[in-house]
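Just so we're clear, the structure is a prediction, and the values are computed from it rather than from any experiment.
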Amino acid sequence: MLMENKVGIVFGLANDYSYAWFIAKALYEAGAKIIFGYLPGEKNERRVTLALESMGYDSPDIYPCEVTNDGYLDSFFDYVNQNYGKIDFVVHSVAYANKEFLKYGRFHETPRDVWTQALEISAFSLVDIANRSKEIMNEGGSIISLSYLGGEKVVPGYNVMGVAKSALEMSTRYLAYELGKKNIRVNCISGGPLKTLSAMGVESFSRILDYQAKSAPLKRNIEGNEVGKTALYLLSDLSSGVTGEIIHVDSGFHVLANIPANSTD
């Protein structure tokens, strides 16, 4: 199998309809062994366990990790190092912003603490995790994160999360440049809208979903397994010459100028 004898980490799996779930499923079915880092708490642990059961994952290894807490990160990476020694890939599927400021017309009101929290969780955590991962990653390893078009263009209502995704994408490029000397690749998937817990916090999400389905070249929204398959490509040796890329999996929506939602073309 494509990922046989490969070991890696997935951060951010929360339920069975998230990007991280589809990515983990693709990796598991390709033979990978995965350590799952989840937000501490009994409720979150139960969610992760049920999500993994739903994909048929046999004896999953889950470990609590708060990505903004050095103590949790130290403990998590010590656990991985002691139990696995080396890893081959990392999936960063972590993002958060206060939903009260993910509404139309509220970006200019973003408070300092909301801004700082969104950027720390959604972007800095990738840099921190990549820095820690490089010490235990095999040569030829791969790191990916998840973004959205709102990090490149204005999506009304996406607001501070768009700024965080922009920082995430630029961090991907800097990490790709610096970690390339260790033959570690760093890429990002910019996925189309998917009904996840975080997406539903954006006030305009339903309109975004409808607009994209009508306007995208493929005339539909994406399916979660399409992001999963792209992640499998980026995390495997199939993409051994690819790094620093932001790969769009959005039915081609990102290539368009502003097309009216009622277009029949």
Side-chain angles (χ1 to χ4, degrees), residues 1-16 18-96 121-122 124-146 175 179 182 184-189 224 227-228 230-237:
M1 291 187 286
L2 187 59
M3 298 297 286
E4 189 173 6
N5 299 320
K6 300 288 188 180
V7 178
I9 301 168
V10 172
F11 289 102
L13 189 150
N15 50 56
D16 58 3
S18 63
Y19 278 140
W21 187 87
F22 288 103
I23 293 171
K25 185 173 187 292
L27 290 168
Y28 175 61
E29 291 177 348
K33 173 65 179 178
I34 307 170
I35 308 100
F36 295 90
Y38 70 94
L39 191 64
E42 291 184 10
K43 183 177 180 180
N44 293 321
E45 181 179 3
R46 186 164 57 251
R47 281 179 176 172
V48 172
T49 301
L50 290 173
L52 293 173
E53 287 178 356
S54 73
M55 76 169 67
Y57 198 111
D58 184 32
S59 302
D61 191 352
I62 64 174
Y63 197 90
C65 186
E66 165 56 69
V67 299
T68 62
N69 184 296
D70 286 335
Y72 270 112
L73 283 165
D74 290 343
S75 177
F76 180 86
F77 278 94
D78 284 346
Y79 172 81
V80 174
N81 187 29
Q82 291 170 14
N83 288 273
Y84 296 92
K86 291 287 187 178
I87 60 173
D88 301 286
F89 63 85
V90 172
V91 176
H92 176 280
S93 183
V94 180
Y96 177 81
I121 295 174
S122 309
F124 176 73
S125 62
L126 172 66
V127 179
D128 197 3
I129 287 169
N131 185 45
R132 294 168 183 269
S133 297
K134 78 179 192 300
E135 302 301 328
I136 57 171
M137 184 166 279
N138 285 316
E139 185 174 337
S142 180
I143 300 171
I144 66 167
S145 60
L146 281 299
L175 289 169
L179 299 187
K182 298 178 70 70
I184 294 173
R185 297 176 294 109
V186 187
N187 294 286
C188 183
I189 298 173
V227 168
T230 302
L232 180 60
Y233 159 72
L234 289 173
L235 296 170
S236 74
D237 293 337

Within the structure provided, determine whether [X] and [Y] are in side-chain contact (heavy-atom separation under 4.5 Å).
X	Y	answer
Met137	Val90	yes
Asp16	Glu53	no
Val94	Ile129	no
Tyr96	Leu39	no
Leu175	Ile143	no
Val127	His92	no
Pro64	Glu45	no
Phe76	Ile9	yes

Using modelled atom types only, decide if a donor and an acceptor are shared between the side chain of [X] and the backbone of [Y] within a distance under 3.5 Å.
X	Y	answer
Ser54	Ala51	yes
Tyr28	Ile34	no
Ser93	Gly12	no
Asp88	Val7	yes
Ser75	Gly71	no
Lys134	Asn131	yes
Asn44	Pro40	yes

Restricting to non-hydrogen atoms, name the atom on [X] and the atom on [Y] that form the minimum distance, rounded to 0.1 Å.
X	Y	answer
Leu126	Ser145	CD2-OG, 4.0 Å
Ser236	Tyr233	OG-O, 3.2 Å
Val10	Ala20	CG1-CB, 4.3 Å

So how far is it from [X] [atom1] to [Y] [atom2], rounded to the nearest 0.5 Å?
X	Y	atom1	atom2	result
Asn15	Leu52	CG	CG	11.0 Å
Lys86	Glu135	NZ	CD	8.0 Å
Phe77	Ile87	CZ	CD1	6.0 Å
Met1	Lys6	CE	NZ	13.5 Å
Tyr57	Thr49	OH	OG1	12.5 Å
Ile136	Gln82	CD1	CD	10.5 Å

(request) Test Leu2 against every option in Leu27, Leu232, Leu235 by the side-chain contact (heavy atoms from CB on, under 4.5 Å) rule and name the one that passes. (result) Leu232
(request) May I ask you to check whether over 12 heavy atoms, not counting those of Tyr72, lie within 6.0 Å of atom OH? (result) no
(request) Show the numbers, then the answer: is there a side chain to side chain contact (heavy atoms under 4.5 Å, CB included) between Tyr84 and Lys33? (result) CA-CA 10 Å; Tyr84 296 92; Lys33 173 65 179 178; 3.4 Å; yes
(message) Between Tyr63 and Asn83, do the side chains contain a donor N or O and an acceptor N or O under 3.5 Å apart?
(response) no
(message) Taking the basic N atoms (NZ, or NE/NH1/NH2) and the acidic carboxylate oxygens, is any pair closer than 4.0 Å for Asp70 and Arg132?
(response) yes
(message) Whether Lys25 and Glu29 form a salt bridge (side-chain N of Lys/Arg under 4.0 Å from carboxylate O of Asp/Glu) is what I want to check.
(response) yes
(message) Phe89 vs Ile144, test: side chain to side chain contact (heavy atoms under 4.5 Å, CB included). Steps then yes/no.
(response) CA-CA 8 Å; Phe89 63 85; Ile144 66 167; over 6 Å; no
